[in-house]
Amino acid sequence: MDSGLSDQETGKRRIPLALKILIAGGFGVGKTTLVGAVSEIRPLQTEEVLTDAGAGTDDLYGVEGKQTTTVAMDFGRITINEDLQVYLFGTPGQDRFWFLWDELAFGALGAVVLADTRRLADCFPSVDYFERRGIPFVVGVNCFDGAKRFGVEAVRSALDLDPDVPVVLCDARNRQSGKVVLVALVEHVAARRAERVAAT
Amino acid sequence: MRSDAPGHHHDWLDDDAGPVVRPYTMTGGRVEPSAGRFDLVAYVVAGPPYEDGDDDPQPPPEHRAIISLAQQPITVADLAADLNLPVGVVRVLLGDLLGNGRISMYDPPTSRQFPDDDILKAVVNGLRAL
Ligand SMILES: Nc1nc2c(ncn2[C@@H]2O[C@H](COP(=O)(O)OP(=O)(O)OP(=O)(O)O)[C@@H](O)[C@H]2O)c(=O)[nH]1
Ligand SMILES: [Mg+2]
């Protein structure tokens, strides 16, 4: 912790624990809907300075010459108890906002990758991203009306998932259904922990 | 794009990208906080609120707003949402306040053991009870 104040000044207030869960998936797959179904959702403005990635990063031309763009992100909070909060961050669907992901993913408990069986390939980049970084994730298959029902196993093999990655059918509009997806993720995280402990 | 002069049209931006803005006026043009980058779920705790005539010159209204919101522990993301300011702007302001000794910052734990089983169980039970 970086403390600017003495304990006396902060009154030794208890600092809650905040857990981060990412809600990812392709464009229009239901990320905002899911965050809104299970938590009080608010928009969060993040912004990026439009420097050309890779080009001499620390060059010295003045900040006044730089432009930023705001990117709205979904942001929801679930209060478990006084000392424990779960934060949901809906990642921007467009590929060009990948640069926001690394920050979001840092220290995250895990992720929900939403998939739409009509456009399954849209979630490949998200699956890839979390696999590469060893971030635990579950796949939520959002059952849009009119979409052909695919079995969980069909989705699993189409996405070439590790056998232990949970795949859950869901309706992102439904709170109960959204809760089931989040519970599946947290239980998956716990199971991975247990395995790691057993392996050492 | 590399050779673009600053301020040129960025062709990867379209209507979805939101307005190109200059929200950094209130930070004096600074885009990086003076003290590191604060995690979105780092908690901010403020010291005593400003009192009139406390400071000379008067603290900017954004500083006052943060100090008043952070009388209870509040995350960086919550602050940004409450203040309706971009996260980057809030980070710069927090850097100033940290420098002034007005706030404390508490980063989320990063150990591989975190969160432990008891916490995960509490989360599962809490989610089920929602
Ligand atoms: N039938 C049905 N419609 C859904 C479901 N989930 C989302 N929708 C609808 O699909 C549309 C897109 O949902 P959003 O939640 O905005 O999707 P998103 O992933 O946030 O979209 P972007 O942020 O633009 O990438 C909305 O009109 C939702 O009402 C679902 O489970 N079933
Ligand atoms: Mg959305």
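Note: hydrogens, waters and symmetry copies are ignored here, and every other heavy atom, side chains too, is used.
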*Can a salt bridge be assigned to the pair R42(A) and D82(B) using a cut-off of 4.0 Å between side-chain N and carboxylate O?*
yes
*Minimal non-hydrogen separation, R193(A) against L120(B), with atom names*: CG-CD1, 4.3 Å
*Answer with side chain, backbone, both or neither: which region of V183(A) has an atom nearer than 4.5 Å to a non-hydrogen atom of chain B?*
both
*Drop me the distance from Y43(B)'s OH to I15(A)'s CD1, to the nearest 0.5 angstrom.*
8.5 Å
_Contact summary for A81(B) and P43(A), nearest pair of heavy atoms_ = CB-O, 4.1 Å
_Quick check: is F106(A) connected to W101(A) through a chain of hydrophobic side chains (ILVMFWY, heavy atoms under 4.5 Å apart)?_
no
*What distance do F75(A) atom CZ and L40(B) atom CG have between them, rounded to the nearest 0.5 Å?*
8.0 Å
*K179(A) side-chain N/O to L130(B) backbone N/O, donor-acceptor pair under 3.5 Å*: yes
*Side chain, backbone, both or neither: which part of N125(B) has a heavy atom under 4.5 Å from chain A?*
neither
_E40(A) atom CD: more than 12 heavy-atom contacts under 6.0 Å_ = no
*asked:* Tell me which one of L109(A), L84(A), L17(A) satisfies side chain to side chain contact (heavy atoms under 4.5 Å, CB included) with P115(B).
replied: L109(A)
*Structural part of N100(B) lying under 4.5 Å from a heavy atom of chain A*: neither
*Taking all non-hydrogen atoms of both residues into account, name the closest pair between L44(A) and A77(B) and its distance.*
CD1-O, 3.4 Å
*asked:* Please classify the contact between F89(A) and chain B as side chain, backbone, both or neither, with a heavy-atom cut-off of under 4.5 Å.
replied: side chain
*Could you tell me the separation between the CG atom of L19(A) and the CD1 atom of I119(B), rounded to the nearest 0.5 Å?*
7.0 Å
*Step by step, work out the side chain to side chain contact (heavy atoms under 4.5 Å, CB included) result for K20(A) and D39(B).*
CA-CA 11 Å; K20(A) 249 194 307 196; D39(B) 196 282; 3.6 Å; yes
*asked:* Looking at every non-hydrogen atom in both residues, tell me the closest pair between I80(A) and V123(B) and how far apart they are.
replied: CD1-O, 3.9 Å
*Quick one: pull up CZ in R128(B) and CD in Q176(A) and give me the separation to the nearest 0.5 Å.*
11.5 Å
